[in-house]
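Read through the structure below, which is laid out as structure tokens, and then see the notes.
Ligands are counted one by one from 1 in listed order, and the atoms in each one are counted from 1 as well. Computed over heavy atoms, backbone and side chain alike; hydrogens, waters and symmetry mates excluded. In this text, all values refer to a predicted model and were calculated from it rather than measured experimentally.
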Amino acid sequence: MFQRRKASSTATTTSTPPPPPPQKKKESVEYEFGGPLGALATTVTLPLVVVVLGVACDGEYCVGLDAIAGLFPHLAETRLVGARAFCIVIGWIGFQAVLQLLLPGRRALGAKLATGDRLEYLLNGHLAFWVSLLAVSQMPLAGLYDDFPELAVAACFVSIFLAVCLYAASFRRPTPLLAQPGTTGSPLYDFFMGRELNPRIGPLDLKCFCELRPGLIGWLVLDLGCCAKRRQLRGSVGLPLALVTLFQGLYVWDALYFEKSILTTMDITTDGFGLMLAFGDLAWVPFTYSLQARFLVDHDANISTLLLLAILALQFGGYFVFRGANSQKDLFRSDFRRAEQRGIRWIETASGRKLIISGFWGAARKINYTGDWLMSLAWCLLTGFNSPIPYFYCTYFAVLLVHRAMRDDHACARKYGDDWPKYKALVPYVFIPRLV
Ligand code: NDP
């Protein structure tokens, strides 16, 4: 169970090296993402998607069938690789690492590891967010829009290089703590899923850092670059782009303000740090999530007042559900007594852990995902209805969240055994109360 302990009791994975997990027999391996072939296909395809989407939303493109027909010639004439872009991406990651290491912040302990240890994390993400914004406010950001394809390519290469280093480093001696999903013995699959659970360079926890800092804050900076570009081209930012930037800025700020929550997520407690997370954090999130802003630089959305009101309702309704549910679970896991005083009801499980069955978590088992998705829809609707391309985000996000809900359901079924079906009978809906 998640308990508060003195922050001074720092644990490191190297102090008590755990034995490597036993190699599983081939037939008992449980693969996700389509196994090694799926991992290979994803590794090859997703960087292409990042680059194609970046180029597809460039200037005149992004609208209508002509743009789709002209995409490949346009791709061929777009400059995709440049040393400057690599310097910007690596410099940005380095700058974020310096902020992570040097800024003050409180310390928190992560979830209990298989060894019984709990790692210590320095939480200064909120301060890093504001320092980063202050730093970039002094820079000519419109160039980020112009260099977008090159920056996207550089981020893809950097994340793949990082994943290769992480994979190689996970074989060092003494063996670090490995992640169960990434230790199947299939090199390709393990490279994709990530072998090592919590790789660190000194005090820098690489997975936690990449999850929250360069890509997430970089996403907002790319949005700000789009605002600067539109102001340069049109003289003003315009309401749709201003709202997209504001709403996505709120999302990024929220992740960093509630930084501690990441310590109990599946990404940190269960998944290893491999290509999936390195690429997702450093390339996919900033360069595909900023697509709506990129689209709005060159296109007008023409949003009616009625649609605007619907968008505001989706954004703030979604945020209310997303934040409310995540905070309820955080409180429950970190300060059970206070959660109980607030009337949260729960069931006890044989594992000793409790599961909430009231409030947001009593309404639907993954209602936090629903809130998140409603916000993604609001951001896409702000681009109007001229092109399907900016709707890539909410479409992809729906697939991600459904798949993630299935992965988590599977993980919880293993974790909670017979208690999990009992919990599901008490909270029968997954995403929408009384519907799904
Ligand atoms: P959850 O926050 O839903 O965490 C899942 C874990 O919560 C389970 O493994 C279980 O772990 C615990 N849990 C499940 N049900 C209950 C319950 N009834 N009572 C108490 N604990 C419960 O999932 P994620 O970590 O995937 O996501 C966190 C947030 O991040 C979500 O809002 C999601 O939308 C967002 N997200 C955003 C992404 C993006 O790209 N923008 C990507 C992925 C996630 P245990 O019992 O061990 O505590």
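- Ring geometry, Trp219 versus Tyr393: the interplanar angle falls from 30° to 60°, so the pair is classed tilted.
- Residue Ser261 does not touch ligand 1, judged by heavy-atom distances below 4.0 Å.
- Within the cation-pi definition used here (under 6.0 Å to the ring centroid, within 45° of the axis), Arg323 qualifies as a partner of Phe258.
- Distance check on atom 9 (O) of ligand 1: some protein heavy atom falls below the 4.0 Å cut-off.
- When the heavy-atom distances from atom 17 (C) of ligand 1 to Ile356, Asp267, Ile357 are ranked, the shortest goes to Ile356.
- Distance CG/Asp190 to CG/Leu178: 9.5 Å, rounded to 0.5 Å.
- Near Phe322, meaning under 4.0 Å from one of its heavy atoms, ligand 1 places the atoms 32 (O).
- Between the side chain of Asn124 and the backbone N or O of Gln100 there is at least one donor-acceptor pair closer than 3.5 Å.
- What sits closest to atom 31 (C) of ligand 1 on the protein, heavy atoms only, is Asn368 ND2, 3.6 Å.
- Judged by distance alone, the side chain of Ser351 and the main-chain N or O of Arg353 form a donor-acceptor pair under 3.5 Å.
- Residues Val430 and Val402 fail the side-chain proximity criterion, which asks for heavy atoms closer than 4.5 Å.
- Set against the non-hydrogen atoms of Met266, the atoms of ligand 1 under 4.0 Å away are 25 (O).
- Distances from atom 23 (O) of ligand 1 to the heavy atoms of Phe332, Trp361, Tyr369 show the closest one on Tyr369.
- Between the Glu196 side chain and the Pro176 main chain, no donor and acceptor come within less than 3.5 Å of each other.
- Ligand 1 is approached by Asn326 to a heavy-atom distance shorter than 4.0 Å.
- Between Tyr396 and ligand 1, no pair of N/O atoms sits closer than 3.5 Å.
- Atom 16 (C) of ligand 1 has its closest protein heavy atom at Leu355 CD2, 3.7 Å.
- Scanning all protein heavy atoms for the shortest distance to atom 21 (N) of ligand 1 gives Arg333 NH2, 3.0 Å.
- Residue contact annotation: Lys415 has a non-hydrogen atom under 4.0 Å from ligand 1.
- For ligand 1, the polar-atom distance check finds no N/O of Trp420 at less than 3.5 Å from any of the ligand's N/O atoms.
- By the 4.0 Å heavy-atom criterion, Ala411 is excluded from the residues contacting ligand 1.
- Among protein heavy atoms, atom 42 (C) of ligand 1 sits closest to Leu400 CD2, 4.0 Å.
- Cation-pi geometry between Arg294 and Tyr145 is met: under 6.0 angstrom from the ring centre, within 45 degrees of the axis.
- With distances taken over non-hydrogen atoms, the option nearest atom 38 (C) of ligand 1 out of Tyr416, Phe397, Phe360, Tyr423 is Phe397.
- Stacking of Lys354 on the aromatic ring of Phe332 is not recorded, the 6.0 Å distance cut-off and the 45° axial limit not both being met.
- For atom 44 (C) of ligand 1, the nearest protein heavy atom (residue, atom name, distance) is Arg404 NE, 3.6 Å.
- A donor-acceptor contact shorter than 3.5 Å is absent between the side chain of Lys229 and the backbone of Asp146.
- Under a 3.5 Å cut-off, the side chain of Glu259 and the backbone N or O of Gly125 do form a donor-acceptor pair.
- In terms of N/O distances under 3.5 Å, ligand 1 is approached by Tyr289.
- From the protein, the heavy atom lying nearest to atom 4 (O) of ligand 1 is Lys329 NZ, 3.3 Å.
- Residue contacts with ligand 1 for Asp408 involve side-chain atoms from C-beta outward but no N, CA, C or O (heavy atoms, distance under 4.0 Å).
- Here the heavy atom of the protein found nearest to atom 34 (O) of ligand 1 is Asp372 OD2, 2.5 Å.
- Taking 4.0 Å as the cut-off, Trp373 does not count as a neighbour of ligand 1 on heavy-atom distance.
- A donor atom on one side chain and an acceptor atom on the other are not found under 3.5 Å apart for Thr270 and Gln180.
- A cation-pi arrangement is absent between Arg404 and Phe397 under the rule of less than 6.0 angstrom and at most 45 degrees off the ring axis.
- Ligand-side atoms of ligand 1 in range of Thr265: 25 (O), range being under 4.0 angstrom from any heavy atom.
- For atom 41 (N) of ligand 1, the nearest protein heavy atom (residue, atom name, distance) is Tyr251 OH, 2.8 Å.
- Ring geometry for Trp420 versus Tyr423: interplanar angle of 30 to 60°, hence tilted.
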